[in-house]
Structure formats: structure tokens, C-alpha cells
Amino acid sequence: MQHAIDINGKKIRPASSGQIAFCGFCGEKVRGRCGEINIWHWQHINKVDCDSWKEGETEWHRAWKSRFPFDWQETIIIKNGEKHIADIFTDEGLVIEFQNSAISPSTIAEREKFYGKMIWVINAESFKNNLVTENVSEKHLAEIEKKYAVKRIHLKKYDSISLESIKKKPNLRTAEIQILIDNLNMLESVTAPFTIYNKNAHTFAEQIINIWQNDNLSVDPSLIKIITDDALISKNAFLRLRGDFKLNNYHLDLPGKTSSEIEQLYLERKNLLAQRESLKALLFEELKSVASKYLNLEGEITHLKNVLSFLNIEKDASDKELQNLKAEIDYYINTNLQILEDAYIEEKNNNIKDKDKLNFIWKRERKSWLTASAQIYFDLGDGRLLYKHSDNKVIYITLSDFISRFNPADS
């Protein structure tokens with residue numbers, strides 16, 4: 001440790017080898033160690049049980065602590081009659097723990113619970129070659145460009161100029177009409193199940209929830225694909241609650257219960273109702289979103305019908321009729337091209353924003369750190385750290401950036 005308490009109760013650093021002071025945690029005597037190689041520090045004169053959380057301090061620990069203000073270092077924190085020494089305790093109430101050796105998941109959880117607001121800095125120099133990173137930003141950007149290029153080509157396929165060209169080639173015209181009819185039938189089959197709900201997402205969500213709340217869970221088979229959509233993440237929990245309600249009712253109907261047992265069952269029912277209402281609101285929005293995704297195909301259906309009408313229209317049709325069809329077709333295409341462009345720009349910008357985030361693989365991973373909920377920084381020992389995001393991606397940051405991030409006064 002780098003600090004001790006002198007006879008006046010003042011926190012001090014060692015000034016010379018052999019200097020005597022007292023451990024601020026356990027109160028036992030410590031002696032100054034002030035050589036020419038290692039950072040000057042204190043050492044207990046006798047082997048004692050000090051803070052059980054403190055591993056054998058290394059030069060790595062001392063070097064890290066010395067980068068922060070004196071008053072932040074080796075701070076004793078007391079909570080609920082328990083006390084431990086935080087490596088660094090900032091003015092913002094953040095604990096920074098420097099971990100050199102492997103520790104268990106239970107130890108990680110115990111420390112995170114005690115300190116609350118904290119981060120970990122792990123000495124990764126010995127296993128940094130197992131931390132594999134890959135920059136996939138450029139690859140993702142190329143995929144985005146390709147995806148939207150295909151969508152633009154698909155959307156422009158039936159603009160009025162292209163349709164005029166198709167009409168002049170009878171064989172091509174016949175083939176395109178058949179393709180359009182097939183696509184139209186497919187889209188209409190997808191949206192047809194919503195007809196009984198007036199093709200309204202709100203009505204659909206409301207009625208599906210009513211069905212799932214009641215004993216009869218049967219839903220129109222044509223809706224199976226829709227109600228099993230991955231976006232309905234609250235569905236299973238909502239249906240499990242239905243089972244809990246049935247079980248609660250079953251126990252309430254059983255004879256011979258005491259008033260205390262009945263009261264407990266009604267309390268359980270009240271909690272179940274509160275959970276159901278909360279889940280119902282989430283599920284309602286999810287169902288609406290899924291339904292809207294399918295009902296948005298109505299615009300494409302109308303567009304395909306207009307395209308078919310244009311290709312099928314007779315030569316003697318009025319010029320006004322042709323112009324109206326052309327206008328509707330091109331308006332649909334231009335509107336959706338703008339929507340497509342907005343989506344493309346947003347996705348591209350998100351990719352650029354995260355360009356410094358790298359894919360991360362930890363070969364022979366120390367699995368105990370999978371349980372950590374606090375932020376983790378890997379010290380690579382070369383003036384850089386790897387910060388691990390919650391999405392399991394990482395970014396490189398310099399040592400000076402790390403220090404200035406948590407100690408702005410030093411920047």
C-alpha cells in the first residue's frame with residue numbers, strides 16, 4: 001500500500017526506508033520501503049489479516065494508483081458495519097478497482113454490490129494475445145450500400161418510363177404482367193387476415209389480447225405467422241401469467257382454507273393483475289407494430305394494381321387516364337425512394353458513429369468476468385486499454401484518455 005497514518009492521524013506517503021507508521025485499515029504498524037527500483041510503499045511489519053479483499057499488491061497496482069490524486073487513493077469505505085479499501089474513490093463517488101489476479105464470480109458480485117458505482121481495470125498484459133478484435137465497420141458499410149442499391153433498383157423497376165418501354169415489347173409485357181399478378185396475389189394473401197379487423201392495427205391488437213386473456217386461445221390459423229413474429233417479445237410472459245391466474249383461481253376455489261390463506265391468495269391475485277396490465281400495455285404496442293408492418297403492404301398492393309392497369313390499358317384509352325396512372329405510379333416511387341434514402345442515411349450514420357467499435361473475441365475467456373455488471377477496462381500494458389461495451393464490442397482508448405475521463409482536473 002502507498003499510504004499509512006502517522007502519529008498525528010495524517011495520511012502520508014513513505015519518505016524513507018524503515019519509517020514507521022500505522023495501517024489506516026487495521027491499525028497495525030507498517031514500515032516504509034523506499035528503494036531505487038519499485039515505487040515507494042508501505043509494508044506491514046508483521047503478517048496480519050488486513051482487508052480480505054486486497055490481493056498481494058504489485059508494481060502494476062501501485063503505478064495505477066499513483067496516476068490519481070493522493071486523496072483518492074486507498075480510501076476506506078464503510079457500509080452497514082462492513083469496511084473495505086477502495087483502490088480509487090473519486091470526487092464523483094466512483095470506485096475504480098485494479099484487478100491483477102483471477103477472482104471468482106461470487107467475489108465480483110460481492111464487491112460490485114458493496115461499492116455500487118464502480119468500474120474494473122484488469123491487468124491483461126499476460127493474456128492480451130487472447131483478446132482478438134476485428135473492425136467490421138467497412139464491411140458493414142459495403143453491405144448497407146449493396147442492400148439499398150438493390151432496393152432502389154427494385155423500386156424503380158416499374159416507373160412510367162420503364163413501363164412505356166415494356167409495353168412496346170409484347171412478350172416482355174406478358175411476362176411482366178404474370179409476375180405482377182403473382183406478386184399481387186401473394187401480398188393480398190398476407191394482408192387478407194386483417195380484413196376482419198377493418199385492416200386496423202389498433203383493432204387487431206385489442207382483439208388478439210382479448211382472445212389471449214380468455215380461456216379460448218384459438219386464433220385464426222391465417223394469423224399464425226403474424227402472432228408468432230419475433231417482435232412479440234412480451235407474448236410468452238403474458239401467456240404464462242394466464243396460467244398463473246388459473247392456478248390462483250383453482251386454489252381460491254379449494255375448500256378449507258384459513259382467512260390468512262385466502263387473504264394471501266387475493267394479494268397474489270392483485271399482484272398478478274398489476275403484472276398483466278403492465279405486460280398488456282407492452283404487448284399491445286408490439287402487436288400494433290407487427291400489424292402495421294403487414295398493413296403497410298397495402299400501399300405496395302395499390303401500386304402494383306396501378307402498374308397492372310397501365311400495362312393492360314388499351315391503346316385507345318384517354319390521355320387523361322394514362323397521365324393519371326403515370327402520376328400515381330411515379331408519386332409512389334418517388335415518395336418511397338425518399339423514405340428509402342432517409343433509412344439509408346440513418347443506417348449509414350449509425351455505422352459511422354460506431355466505426356471505432358470492434359468485434360471482440362476473448363479466446364480461453366475467464367468466465368468469471370461474464371457475470372460482471374460494472375464496466376470493464378483491459379489494461380494491455382502498452383499505453384492502451386480496451387473498453388468492453390455491453391453489446392460485447394470493444395474500443396481502444398489511450399491511457400491518457402482514460403485518466404482524463406475519470407480525473408478531468410488532470411487533463
Side-chain angles (χ1 to χ4, degrees), residues 139-201 203-204 219-231 287-348:
K139 180 183 174 183
H140 284 170
L141 193 57
E143 290 171 352
I144 291 168
E145 296 280 0
K146 182 178 178 180
K147 178 175 72 175
Y148 282 95
V150 170
K151 287 185 176 183
R152 290 186 197 100
I153 290 169
H154 175 75
L155 195 53
K156 291 177 179 178
K157 181 178 179 181
Y158 294 125
D159 63 17
S160 59
I161 296 172
S162 301
L163 290 175
E164 290 283 10
S165 176
I166 291 170
K167 283 189 78 168
K168 293 173 183 176
K169 302 169 184 174
N171 290 340
L172 178 60
R173 175 174 172 269
T174 302
E176 287 295 342
I177 286 173
Q178 189 56 54
I179 290 170
L180 284 162
I181 290 171
D182 292 342
N183 288 341
L184 191 57
N185 289 338
M186 183 273 291
L187 290 174
E188 288 182 328
S189 70
V190 170
T191 59
F194 291 97
T195 304
I196 59 172
Y197 305 104
N198 300 319
K199 293 196 174 180
N200 182 287
T203 304
F204 167 79
V219 175
D220 188 332
S222 64
L223 292 171
I224 295 300
K225 181 181 177 182
I226 299 162
I227 62 171
T228 55
D229 195 290
D230 289 341
L287 281 164
K288 269 177 60 180
S289 177
V290 169
S292 296
K293 180 174 71 177
Y294 287 93
L295 288 171
N296 283 343
L297 296 173
E298 290 288 332
E300 189 173 349
I301 288 171
T302 301
H303 173 62
L304 292 184
K305 286 180 176 178
N306 284 336
V307 170
L308 270 171
S309 296
F310 187 86
L311 290 177
N312 283 319
I313 206 161
E314 298 299 330
K315 289 182 179 179
D316 58 354
S318 69
D319 185 58
K320 183 179 179 181
E321 188 178 358
L322 277 169
Q323 292 307 316
N324 286 342
L325 274 174
K326 280 185 180 181
E328 287 188 41
I329 289 167
D330 288 340
Y331 176 78
Y332 173 86
I333 291 171
N334 291 332
T335 301
N336 282 276
L337 278 173
Q338 186 57 56
I339 293 170
L340 202 59
E341 188 63 20
D342 292 342
Y344 162 71
I345 291 170
E346 182 179 1
E347 194 169 341
K348 181 180 174 182

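Put simply, the side chain of K151 does not reach to within 4.5 Å of the side chain of Y344, judged on heavy atoms. Side-chain contact check for F194 versus E298: every heavy-atom pair is 4.5 Å or farther apart. Residues Y332 and L155 meet the side-chain proximity criterion, which asks for heavy atoms closer than 4.5 Å. In this structure, the side chains of K348 and Y148 stay at 4.5 Å or more apart for every pair of heavy atoms.
The list of salt bridge (Lys or Arg N to Asp or Glu O under 4.0 Å) pairs with a residue in residues 169-187, not counting sequence neighbours, reads K157-E176.
A side-chain donor from one of D342 and Q338 sits under 3.5 Å from a side-chain acceptor of the other.
At distances below 3.5 Å, at least one donor-acceptor pair connects side-chain atoms of T174 with backbone N or O atoms of P170. Remark: side-chain polar atoms of K167 are paired, donor with acceptor, to backbone N or O of F310 under 3.5 angstrom.
The line from CD1 of I227 to CG of L287 is 9.0 Å long, rounded to the nearest 0.5 Å. Between N324 atom CG and N306 atom CG the span is 10.0 Å, to the nearest 0.5 Å. From D330, atom CG reaches atom CG of L163 across 8.5 Å, with rounding to the nearest 0.5 Å. Here NE2 of H303 is found 11.0 Å from CG of L184. Values are rounded to the nearest 0.5 Å. Rounding to the nearest 0.5 angstrom, the gap separating the CD atom in E346 from the CD1 atom in I144 is 11.0 Å. Going from atom CD1 of I301 over to atom CG of N183 covers 11.0 Å, rounded to the nearest 0.5 Å.
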Verdict with reasoning, E341 to L337, per side chain to side chain contact (heavy atoms under 4.5 Å, CB included): CA-CA 6 Å; E341 188 63 20; L337 278 173; over 6 Å; no
I226 vs F204, side chain to side chain contact (heavy atoms under 4.5 Å, CB included): CA-CA, chis, key distance, verdict: CA-CA 11 Å; I226 299 162; F204 167 79; 3.9 Å; yes
Steps toward side chain to side chain contact (heavy atoms under 4.5 Å, CB included) verdict (K305, E328): CA-CA 11 Å; K305 286 180 176 178; E328 287 188 41; over 6 Å; no
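The salt bridge (charged side-chain N to carboxylate O under 4.0 Å, His left out) search around E143 returns none, not counting sequence neighbours. Among residues two or more places apart in sequence or in another chain, the side-chain contact (heavy atoms from CB on, under 4.5 Å) test is passed with T335 by Y331, I339.
L180 approaches Y158 most closely through the heavy-atom pair CD2-CE1, 3.5 Å. Annotation for D159 and I329: closest pair CA-CG2, 4.3 Å, computed over non-hydrogen atoms. Closest of all the heavy-atom pairs between P193 and V190 is CD-O, 3.3 Å.
Around atom CG of N185, more than 12 heavy atoms belonging to other residues, nucleotides or ligands sit under 6.0 Å away. When the shell of 6.0 Å around NZ of K293 is examined, it contains more than 12 heavy atoms from other residues, nucleotides or ligands.
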